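One structure below.
Because the structure is predicted, anything quoted here is derived from the model rather than measured. Below, chains carry the letters A, B, ... as their sequence lines are ordered, and counting in each starts from 1. Just the heavy atoms: all of them, side chains too, but no hydrogens, waters or symmetry mates, feed the values below.
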Amino acid sequence: MSVSSIFIFILKILGTLLIAVLGVIIGLFYKGIDRKLAALLQSRVGPPIRQPFLDFFKLMIKENIVPKNAVPWIFNGAPVLALVSTITILFYLPFGPIPALFANSGDLILIVYLLAMPAVALVTGGFSSGSSYASIGAQREMVLLMSYELPLVTTVIVLGWRLNLAFPGLKVFSLASFSTNPIWGIVGPLGFLGAILLLFTLVIVTPAELSVVPFDTPEAETELAGGVLVEYSGRNLALFELTNAVKMVVMGTLTIVLFFPYNISPLLSLSGFPAYIMDILFFFVKLFVVLFFEVTFIRVALARLKIDQASSAYLIFLSVIGLIGLLFMAVDYLI
Amino acid sequence: MKLDNYFDRSLWVFHLNTGSCNGCDIEIVALLTPRYDVERFGIKLVGTPRHADVLLVTGPVNRKMLPRLKLIYEQTPDPKAVIVVGACGTSGGVFYDSYNVVGPVDKHIPVDVYVPGCPVRPEAIINGVLQAWLKLERLRGSGADIEKKIAEVNA
Amino acid sequence: MNGILMHAPALVIALPLLAAFVTPILGRFNYKKISWFVSAVFGVTLLLTLLMAGQILTNGTIVYVFGGGEAGLALPSGYTFPIRIIFQIDAMGIFMALITAVISFLAAVYSISYMEDYSGVDKYYTLLLLLATSMFGMELTGDIFNFFVFFEISSISSVALISFRSTFNGEPAEAAIKYMVISSISALMVLFAIGLFYGQYGTLNMAAIASFMQFTKLDKMALILFLTMLAMKSGAVPMHMWTPDAYSEAPSAITVVLVATSQASLYALFRIIFSLYNVTLNTVTVGWILIILGVLSMFIGVTMAVIQKDIKRLMAYHSISQTGYMLLGVGVGLAVLANPAALASYGIKAMEGGIFHIINNALYKGLLFLTAGALFYRTGTRDLNKMGGLAHNMSYTTLFYIIGAAAIAGIPPFNGFASKLIIYESVYQFNPLLAIIAMLVSILTLASFVKIFHSAFLGPQLEQYKSVQEVPKSMVFAMAVLSIIIIFFGLFPNLIVKYIVHPAVMALINQSHYTSTILGGM
Amino acid sequence: MSKTTYKIPIGPIHPSLAEPMTFNFEITGERIERVDLVPGDNHRGIEFMGRNRNIIQIIYLAERICGICSASHPYAFCRAVENAAGIEVPPRAEYIRVIIAELERIQSHILWAGIAAEELGFNSVLYLSWKVREEVLDLLELLTGNRINYGMFMIGGVRRDITEEHLPRIRKTLDYYKETYQTLENVFLKDPSIAIRTKNVGILTYEQALHLASVGPTARASGIKKDIRQDQPYSAYADMDIKAITPDFFTGEVKGDVFDRIIVRILEVAQSVEIIEYCLDNLPEGDIVSEPKLAKLLAVLKKAKGEGVGRHEAPRGEAIHYIKLNESENPEVWRARAPTYNNLMSWIPMLQGQEIADIPIVTASIDPCIGCMDRVTLVESKTNQQQVLTREDLIKLSIAKTRRMMK
Amino acid sequence: MEFLNPKNLLSFLKENLKDNILDSHIATGKAGIKEEEFYNIWLEVKKEKFRDTVKLLMSLHYPHIAIIVGNDTGESIDLTYLFTLFYGEKFKEISLNLKVSLEREKPSIDSITDLLPGAQTTEREIKEMFGVEFIGLPEMRNIFLPEDFPKDVFPLRKEQKGLDELVQQES
Amino acid sequence: MPTPLIWELIKQLIRKPTTNCFPVKHHPGKITVTELINKVQDGEAEINAPVTVPEKFRGKITYDREKCIGCRLCIKVCPSRAIEFLPEDKKIKIRIDRCIFCSQCNDICPVNVLSMSEDFLLANEDRHAPELIVK
Ligand code: SF4
Ligand code: SF4
Ligand code: SF4
Ligand code: SF4
Ligand code: SF4
Ligand code: SF4
Ligand code: SF4
Ligand code: SF4
């Protein structure tokens, strides 16, 4: 290994750490904003924006109880797995003008898989806690996971396919390709419609990924007393909270990369360093707007669905929308 | 592990009814609603004692709920605080002479703050939280109080 | 050393075969030690295979001719069969042989403890050795009739092994009979197809047939026969009905080998399509047939699996479903075989995915069946509803199970993800719907493995399993080795694809290379 | 996924039940196979305590049977005593009683609507409706001196008058509700996500409601036109024409599902506003209590003999009190029945065959007040053996732990 | 629906039950400024004819059972069934309080849960509180008391003095 | 789907929140609550008042010990036995932790020495604290 490659290696490690820390911070920060906005929508003052940080630190000092029926290493391992897999996704995401740390040809697929991991970890943790509420919650989480995965996968693959048709030979499942070739630019009017449908699909999948109302059935407070998380406390709970916060960033960024990868600097005819800064800022603005609609607004304006309703909403309604999107895309390409 | 400043600012609350008339319970729910909105203090109502930092206990403790009260106290991870809301939890209130009431709450679990009232006004509960903050700050400030508390209990 | 290397192909076959005959005799003297002996034999075989693999990957295809015209192969029943054996081992063949060697070695090691309490272990090992021999034979031979012979041996020994536990109850026997019927029919049909070739071309050497291939009506008929029969033996939908029974009733170590056997059949299928027919046939049609078989297998397999209560049956259905991925990958490759641009851009990749999945499947499926065996070993039941809380007592098994389950569900960083990723990435270019289905099946797979995990390992410790302990060391060893390989493959998929899988795929695609080596060598 | 049958106990401490109550469910997948009710968790022995107290003290005990509609039990109790002792109530007091009871109904129905929304995971609506509810609470606090447990009722009348200064304030509140009524109707009856969760859920047919003797909005939502304010009106209700509200007023048909119960309650809010307006317009002059000297009242009651029944249409249905006075300080028999007592059995047909997710909304839909349910006498139960730690152990453990953590 | 006024109702019952009626009177109350009247019928019947009385009521209109009041007078156990009839229209409703007296030793009475399923809760409660046997009551489990409660202790009977000891005075 | 609720929510977003920020908007954070209270006492900081209580609100009892004639009528009607008679000086003692604020004692007192104040912020760490006993 040459000196420069060692240097790059070290740089990557540092970058990894930086992104992990930043991701967590941005996630918690947005969570605070989310809670504040939701409160304002509900005519309340709401918690201070730093509240999620406080909650996190609070949870860290709390006692970490492992219930008697649980298998300790699985019970404790689940939250770590959830967090690690979510943070890993961050390494594959480009943030506005900052390219992804690890770019690979198949990273979009990898992300889809990694997105399922926290849910799986949650299910495992829930099952392993040995409480019947948690078991029912875990079953629901599983059902929900299977339901929303289909529309999610449809969206991702259709977009990749369309991109591939437009630019054969491009590394299509690499997010870099998406961010350099916005989907809106390569399709005709019908494809445009298809892309809107796909965007809609992704937006609706997001609340389930983040298990917020109306798709928080697995954790339903009023039915299952916290569902899968019912036995978790202290540090483990904190890790799950973190996971959720980071996942929020991930989902927001994913939407941006797939659908709104535009930068603002060309518009302002900036270049060089100022452009870079502007783009980063613009990215955050986009992130907040996207998350407002994907998370805050949806969760405030809807009631929780029952698991069968949620499941059929995804498996039937949303998948059909995704497939119609596919159809539009295909027709658009053929004509 | 340390009982630090973050604890006060993110109190998650589990509400336990041990046989109350619902008056206080309603006021606890009212606390969350826009007029009072305790979420601004980071207070959040949670569905399981495992997530809780504070137990809000209402009701005079009847026989059937007693084991549950103790169990829930045990299930709540440390550090934790107990706030008793309402006259009946504080002293038995109007239910003082029932054979089925084994309260008040402090006969069975250690209580940190009492909020008398029947029912308590939501603001009085906020005042109770304030008292709890003060107590926690004092506890952090000097270890002596804890020694005293132990001596009290042992006596 | 050089001599060993030169005769490695023969030794790979001969060693287990010989051991198969020695084992019963040895058993008379020291009953306890045969298991070690057999494991050692498999260990040596594994070494030989590895040596051979090294040689092939550096020097190319080996052609090995067993001495002249009069060699004979003795069947267990005492017959000798006049036969002339040519082994032609290319990258694909050795790829399969490696799988067989690894799996049979680990199966033998696992059996040391697993089969301890059974009577008639000498017979068990004899059969195991024979089965392994036959698999090696199927994979290494260059002669289609030899292939048939080995195919037949594998069927017979499998049947015997499946019914091995039938002293206890009737179900294994029933499964064995089912398997036997299926095998006999397929053997007969394969024989018939071979007859068709022989009648037309007067030779049984595959390379020779390939070079004469006219794709006549008879050839088409032979193709259909091969296709159905081999698909059946590899357990693809809609001819999968024997798999759940056979897999679940056989002792777990054998199930693992059976998975490898069905994969050998799959190999044969690919070999025949690619090496025998190749571009002469309508690759798009046949490719689509494979794809459809694949998608059906994937989907039906997984949906059937989700509702099973018997842990091994559940896993058996997953085998079917996983076979679907291989068919899908290879099918896509085949469908674009005649289109060089598409072949280059994603066809080869799809095939790499499919072929890579073969080895991955053998590994994680093997691991999963071994963990199922471990559970059975300790609890005496395969009913998921009767298990529970076993993670409290069997942490290693739990860990291995998690690795296996994650791998089969295609979760990074395990090997299943590596091959599935390659499949998705290439298949979507052929048709996006296929990729969507493939990913969906993965998620369903995950769901059903979480279900097992929940019902067998998690939850409160059950009263009846309070005293259950971790399984003996030899079983842990076998599972650990598989886990390590799985993780290794998952972490460095590029390495594996480049050095092992890619050559195998190229060997399949380059028909002319195959024929020329052998014909030149004759 | 798996089809095993779970047994899950819900309650006594469970987020969907603010009050303690135990259900045992047998669940297959997500479906409820069997429901078993195990009441008794909130029992405080109220009727027993009543036997050791004088009538005035009992008023406050009755008030604390349940704090949600804390005007209802004192109302029914006072009527029972007046009935038994033959005490006449001045008309002005009768009107004030009705005003308080109807303000109470507005409060209670909006409260319920919020809780129901919360059970659906619809916090925004909880916040919205409870924001709206604060207005009437402020008014009640002004009129009675407390937000809940008003302490307004006295044997023979009421304790506080509604004065001239109060009237504009009351009218302002009524106007506020007339304005916000539309919002409530929009949010509850026209929102698709509420409709999706409540239509065809937890159905109680007319037959079932009749046979199981359901009362209040639960019965009315199933089409039974039963409302004491209409059937056997009392106080100021007798001067009005009150019609029992059934869901067909809104939808044209009666299904008996949860949605119908929402309809009934929302429409009753509007009805209550009308009733209060009538009372204000026709408020008679005069005394507010028949015997202002309490010591004298106590003496009168001590000499009284007889039995009486008092009924009142509480927000949740009919509350009935029976009292038997026998020339002593304490009553010989006091029997109180809350509406939930009768509605309890309606849960079983409602819940059977529903999903777990429906449990909270279905149980909440009868607007249970477990507080009322469990006042029956109960002697020490011997079931509490599983208690492992004594109080002292617990405290020591806890303090030791807290200390460890603060180091 | 045919509405009877209380007088007609009472005479209808008297016709059918004859001297099985031990006591009966109509209590009249006045409501509102208009002082309109409403009625409570108080009726006491012989225990043997109790079930028939309920059937008679049912032949007129499906009665609503509110609750059973139990009273241990020391000599007998009196049950008062609070019924309401003819609800659904203003001032048409009639309250009927039906009293039966049971002997204190082994009190028993026919269950009416088969006729009026809504009576189950209250019958079960009276069963466990007063030890009254309801003949034909389908659900015999306790409703409020725990299952392991001693079978011969009935909390609301007069002799139940033990309760007082459980009461804690100062707290 | 623009449900009616959504418009309502957006209206609320634009308007000022209805929250009454008693006693402070958020936990002070930077300084401790103790310090904050001290500051308030020194007049350096301010506390938001609770929602104002109406006239005749039933808060903590006040007692004019001098004028009490010791007739014990209040004890007779108190539903929660909050009033204790002190036989030595024929006066009473009221325990606020037991009181249910029904005001019945005020109504019956022949000399009107009892009244309800507007004080309702009674939370305390000790229920027998002097603040919770009216003598
Ligand atoms: S203190 Fe009063 S209002 Fe609160 S629960 Fe007890 S009795 Fe009800
Ligand atoms: S039904 Fe409940 S809320 Fe209504 S008066 Fe009775 S106890 Fe109170
Ligand atoms: S089950 Fe009950 S409500 Fe239904 S018909 Fe029978 S008696 Fe009537
Ligand atoms: S029904 Fe009975 S228990 Fe319920 S509140 Fe009324 S009097 Fe109390
Ligand atoms: S329905 Fe009853 S138990 Fe539920 S919150 Fe309302 S008053 Fe409380
Ligand atoms: S206000 Fe009521 S409870 Fe309090 S002391 Fe006076 S009478 Fe007793
Ligand atoms: S009623 Fe008044 S005067 Fe009499 S003891 Fe009580 S406080 Fe004193
Ligand atoms: S006469 Fe009776 S009521 Fe009048 S002041 Fe004396 S004690 Fe009070």
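The shortest non-hydrogen separation linking F:A123 to B:G128 is CB-CA, 3.4 Å. Listed here is the closest heavy atom pair of F:P23 and B:L130: CG-CD1, 3.8 Å. Between F:L122 and B:P116, the closest heavy-atom pair is O-CD, 3.4 Å. Of all the heavy atoms in B:F41 and F:F22, the pair that sits closest is CZ-O, 3.7 Å.
No more than 12 heavy atoms of other residues, nucleotides or ligands lie within 6.0 Å of CZ in F:R72, so this atom counts as exposed by the packing criterion. Remark: F:K91 NZ is packed, more than 12 non-hydrogen atoms of other residues, nucleotides or ligands lying under 6.0 Å away.
Using a 4.5 Å cut-off on side-chain heavy atoms (C-beta onward), F:N20 and B:E123 make contact. Side-chain contact check for F:E125 versus B:Y114: every heavy-atom pair is 4.5 Å or farther apart. Proximity of B:R35 to F:T18: side-chain heavy atoms (C-beta onward) are nowhere separated by under 4.5 Å. Under the 4.5 Å side-chain criterion, counting only non-hydrogen atoms from C-beta, B:R121 is in contact with F:F57. The side-chain heavy atoms of B:S10 and F:H27, taken from C-beta on, include no pair separated by under 4.5 Å. F:R127 is listed as a side-chain neighbour of B:S91, based on a closest heavy-atom distance under 4.5 Å.
Looking at F:K60, there are no atoms closer than 4.5 Å to chain B (heavy atoms on both sides), in backbone or side chain. Proximity to chain B (any heavy atom under 4.5 Å) is shown, for F:P79, by both the backbone and the side chain. Neither the backbone nor the side chain of F:L36 comes within contact range of chain B; no heavy atoms are under 4.5 Å apart. Only the backbone of F:C99 comes within contact range of chain B, with at least one heavy atom under 4.5 Å from a heavy atom of that chain.
Distance alone, capped at 3.5 Å, places no donor-acceptor pair between the B:Q131 side chain and the F:N124 backbone.
In terms of heavy-atom pairs under 4.5 Å with chain F, the best-connected choice from B:V129, B:V84, B:I126 is B:I126.
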**OP:** Decide yes or no on side-chain contact (heavy atoms from CB on, under 4.5 Å) for B:R40 and F:T19, but give the supporting numbers first.
**Re:** CA-CA 10 Å; B:R40 64 203 157 94; F:T19 309; 3.6 Å; yes
